[in-house]
Structure formats: structure tokens, C-alpha cells
> 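This is the structure I want to talk about, given as C-alpha cells.
Heavy atoms only: backbone and side chains are in, while hydrogens, waters and symmetry mates are out.
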Amino acid sequence: MSARKQGETPADEGGSGTKPPRIKISKSSDAGDAKNVSKRLKDMEICVPIVCGTIAFYLGRKASESQSHKWTVYVRGATNEDLGVVIKKVVFQLHPSFNNPTRVVESPPFELSECGWGEFEIAVTLFFHSDVCDKQLDLFHHLKLYPEDESGPQTTKKPVVVESYNEIVFPDPSEIFFARVQNHPAVVVPRLPAGFNLPNPAPIENMAERERGDTKDHPLSQWFLNFSEADELLKLAAARQQVQAHIVKLRRQLSVMDGLPQFSKPTAGYEFT
């Protein structure tokens, strides 16, 4: 069954599980610095690895012409840690055919679920806490409902998962931001010079009122892809072993060919057929 498109946006050609270049957020404006009243740490970067993805389940016998799949779109930490320490809210822009297509999620886990029949591109806008950045980040993710192999009937047991990995980089972070996230597992921070003292970390808005926002025990976590550095290193090592084995095989084939007798050139006036 061919996938029908809700809207005319083409599918994203990038495969799941690939790592695109880092997304570097430009420094906050002077007005933002004035509001935060915090010094900046020059020549330093804070990195936040995130995953943007969708998981779509075929409804099987419950499917109708207008609702064939139930799907969830989300932004999660690459290691399923709570992103609420950096991200204040996420806005998901759905296809105009949905009721209230602009959906705002103001606390983690940053996700929403819907039912529908078509594939389309979802605009995902990240808003950060005031001491992080006064600029937003726009991402785009293609909702995929149908598997690549469409030769057999679609199953209700295994969902279609598409995830993309990004590393959001904040150059020259404020001291307040650095102090607040320096020990948070969702954030990668550099080591400070010996003897450098940071101000006491200030709590972020509504942090005390939030429930735990990580996705470690999420109902869909069994389908999440693994983007850890250790996993990537294992994949590289396995690929290197395959290449080396292929090189050895080719060398053996060449050595066998070198040992075969060489045919002399045909005598002039005769032609071999």
C-alpha cells in the first residue's frame, strides 16, 4: 500500500539514526544580556544532545479512511534525560487539516500524540529558558506512517520509527546558565579552569512545580534509537573490521590471479574467438 501524503512536502531523505552537523545557536542579544545581568564565559561551549522523532502505529482493524494510524511526535534527550533544564517549551506545527494545528507543550516530556492517515512535515520550534538563550530554534521532522518495505501487510505490533539526532551548541554561555547545568546529565559542559568560582545557580521558572521530565521509563522507550557515543564507536569498529576482512579477501584473490599462467599474444594474422 503506497503512502498517501497529507500536504505536498516531500519525505526527508535522511535515514534514521544519522548524525547531522551540530546546530550552533548565536549569542543572545545585548538586550537579553541586560535582562540576565550575568557575565559570559568566553571561548566555551555548552552542548545539549537532543533527538527529534516520530513513532507511528497502524491501527489495523480499528483503522478508518481518515484515521489509519496513531502517532507521537517528540523531542527527547539523546540519553533520555530531562531537557526541561534547558528547554522552556516546544511548539509543534501540524498540518492545517488538524484542529488547532499549533500545539504548545510547556513541560517535559515534550511530545504530543494524534491520529491521522497522511504523512507530512512537522515544524518543531524550541524555546529556551531566559538564562540560556533569547532566540528560538526551528527544526523540521517528517512524519512517516508506512515502512520502507511495503511488500507485505502492515503490522500493528511494530511501529514505524524515524528519529534524527542533533547537538545544540551554546557558545559563550552565561555564568548563571553554566552554574545551573554543570552537573546535569542531559548537558555536556567543558571543564572550568582551576580556582574559577561560579555564582550560586538560580532556579528556573516553575522547576520546583514540575514532575520528573525524563523519558527513561517512557511507554515508547523500547522503540527509541540509540545515539550514544559508545554505540557509535562500536558501529565504527564493526565497520572497520568488515573493511579489513574485505581487503584480505581481495588480496587473496589477487595473489591467486597472479599465480595463473599468462597467455601469450596471438600470432599476427590469426584471431581467437
> Please tell me whether V85 and M44 are part of a single hydrophobic cluster in this structure, the criterion being side-chain heavy atoms less than 4.5 Å apart.
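Yes; M44 is reachable from V85 via cluster members.
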> Would you say that V86 contacts I168 through its side chain, given a criterion of any heavy-atom pair below 4.5 Å between the two side chains?
no
> What's the separation between atom CD1 in I122 and atom OH in Y74, rounded to the nearest 0.5 Å?
11.0 Å
> With heavy-atom distances below 4.5 Å as the criterion, would you say the side chains of E121 and H95 are in contact?
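With C-beta onward as the side chain, the pair stays apart.
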> Tell me the closest heavy-atom pair linking Y146 and S68, and the distance in Å.
OH-OG, 4.0 Å
> How many angstroms lie between atom SG of C115 and atom NZ of K62, to the nearest 0.5 angstrom?
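With rounding to 0.5 Å, SG (C115) is 10.5 Å from NZ (K62).
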> Nearest 0.5 Å please: distance from the NZ atom of K157 over to the CZ atom of F57.
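That separation rounds to 13.0 Å.
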> Taking all non-hydrogen atoms of both residues into account, name the closest pair between T72 and S113 and its distance.
OG1-OG, 2.7 Å
> Stepwise, does the side chain to side chain contact (heavy atoms under 4.5 Å, CB included) test hold for L112 with L94?
CA-CA 10 Å; L112 69 89; L94 307 183; 4.2 Å; yes
> Could E111 and R76 be called an ion pair, given the rule that one side-chain N must be under 4.0 Å from one carboxylate O?
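Salt bridge between E111 and R76, a charged N being under 4.0 Å from a carboxylate O: no.
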> Linking I/L/V/M/F/W/Y whenever any side-chain heavy atoms sit under 4.5 Å apart, do L192 and V189 land together?
yes
> Among the clusters formed by ILVMFWY side chains lying less than 4.5 Å apart, do V104 and V124 turn up in the same one?
no
> Write down the atom of A186, the atom of L83, and the distance for their closest heavy-atom approach.
CB-CD2, 4.4 Å
> Is a donor from one side chain sitting under 3.5 angstrom from an acceptor on the other, for Y165 and E167?
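Yes.
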> Report yes or no: does R40 contribute a side-chain atom to a donor-acceptor pair with the main-chain N or O of D172 at less than 3.5 Å?
yes
> Calculate, to the nearest 0.5 Å, the distance between atoms NE2 and CG belonging to H184 and D82 respectively.
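If I round to the nearest 0.5 Å, the distance is 5.0 Å.
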> Can you list the steps and then say if V160 with Q154 is a side chain to side chain contact (heavy atoms under 4.5 Å, CB included)?
CA-CA 10 Å; V160 175; Q154 190 170 6; 4.3 Å; yes
> Which heavy atom of C52 sits nearest a heavy atom of V75, and at what distance?
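Shortest heavy-atom contact: SG-CG2, 4.3 Å.
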> Check the hydrophobic clustering (I, L, V, M, F, W, Y; side-chain heavy atoms under 4.5 Å; chains of links allowed) and say if V105 and V48 are grouped together.
yes
> So how far is it from I55 CD1 to L145 CG, rounded to the nearest 0.5 Å?
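The distance works out to 13.0 Å.
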> With no hydrogens and no angle check, is any side-chain donor or acceptor of T215 less than 3.5 Å from a backbone partner on H218?
no
> Going from CG on D138 to CD on Q93, what distance comes out if it is rounded to the nearest 0.5 angstrom?
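Reported to 0.5 Å precision, the distance equals 11.0 Å.
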> Taking side chain as C-beta onward, heavy atoms only, is K24 less than 4.5 Å from P171?
yes
> So F170 and F177, ring pair (Phe, Tyr, Trp, His ring centres under 6.0 Å) or not? Walk me through it.
CA-CA 10 Å; F170 300 94; F177 176 33; 5.8 Å; yes
> Check for me, please, whether F110 and F98 land in the same ILVMFWY cluster - side-chain distances under 4.5 Å, paths through other members count.
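Yes, one cluster joins them.
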> Give a yes or no on whether the backbone of V162 and the side-chain of H141 come within a donor-acceptor separation of less than 3.5 Å.
yes
> A side-chain contact here means heavy atoms from C-beta on lying under 4.5 Å apart; do V188 and P49 qualify?
yes
> For Y58, enumerate each residue passing the ring pair (Phe, Tyr, Trp, His ring centres under 6.0 Å) test, keeping only those at least two apart in sequence or located in another chain.
H69
> Tell me whether the guanidinium CZ or amine NZ of K89 lies under 6.0 angstrom from the six-membered ring centre of F127 and within 45° of its axis.
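Yes.
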> So which of I46, D131, I25 actually passes side chain to side chain contact (heavy atoms under 4.5 Å, CB included) with P173?
I46
> Looking at P185 and T79, what are the two nearest heavy atoms and their distance?
O-OG1, 4.2 Å
> If every non-hydrogen atom of L59 is compared with every non-hydrogen atom of T156, which pair is closest and at what distance?
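Closest pair (atom of L59, atom of T156, distance): C-CG2, 4.0 Å.
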> Do E114 and K70 sit within salt-bridge range, that is, some charged N less than 4.0 Å from a carboxylate O?
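Salt bridge between E114 and K70, a charged N being under 4.0 Å from a carboxylate O: no.
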> With side chain to side chain contact (heavy atoms under 4.5 Å, CB included) as the criterion, how do H142 and E119 come out once you've worked through the C-alpha distance, each side chain's angles and the decisive distance to 0.1 Å?
CA-CA 7 Å; H142 186 79; E119 300 179 345; 3.8 Å; yes
> So L139 and T125, do their side chains get closer than 4.5 Å, heavy atoms only?
no
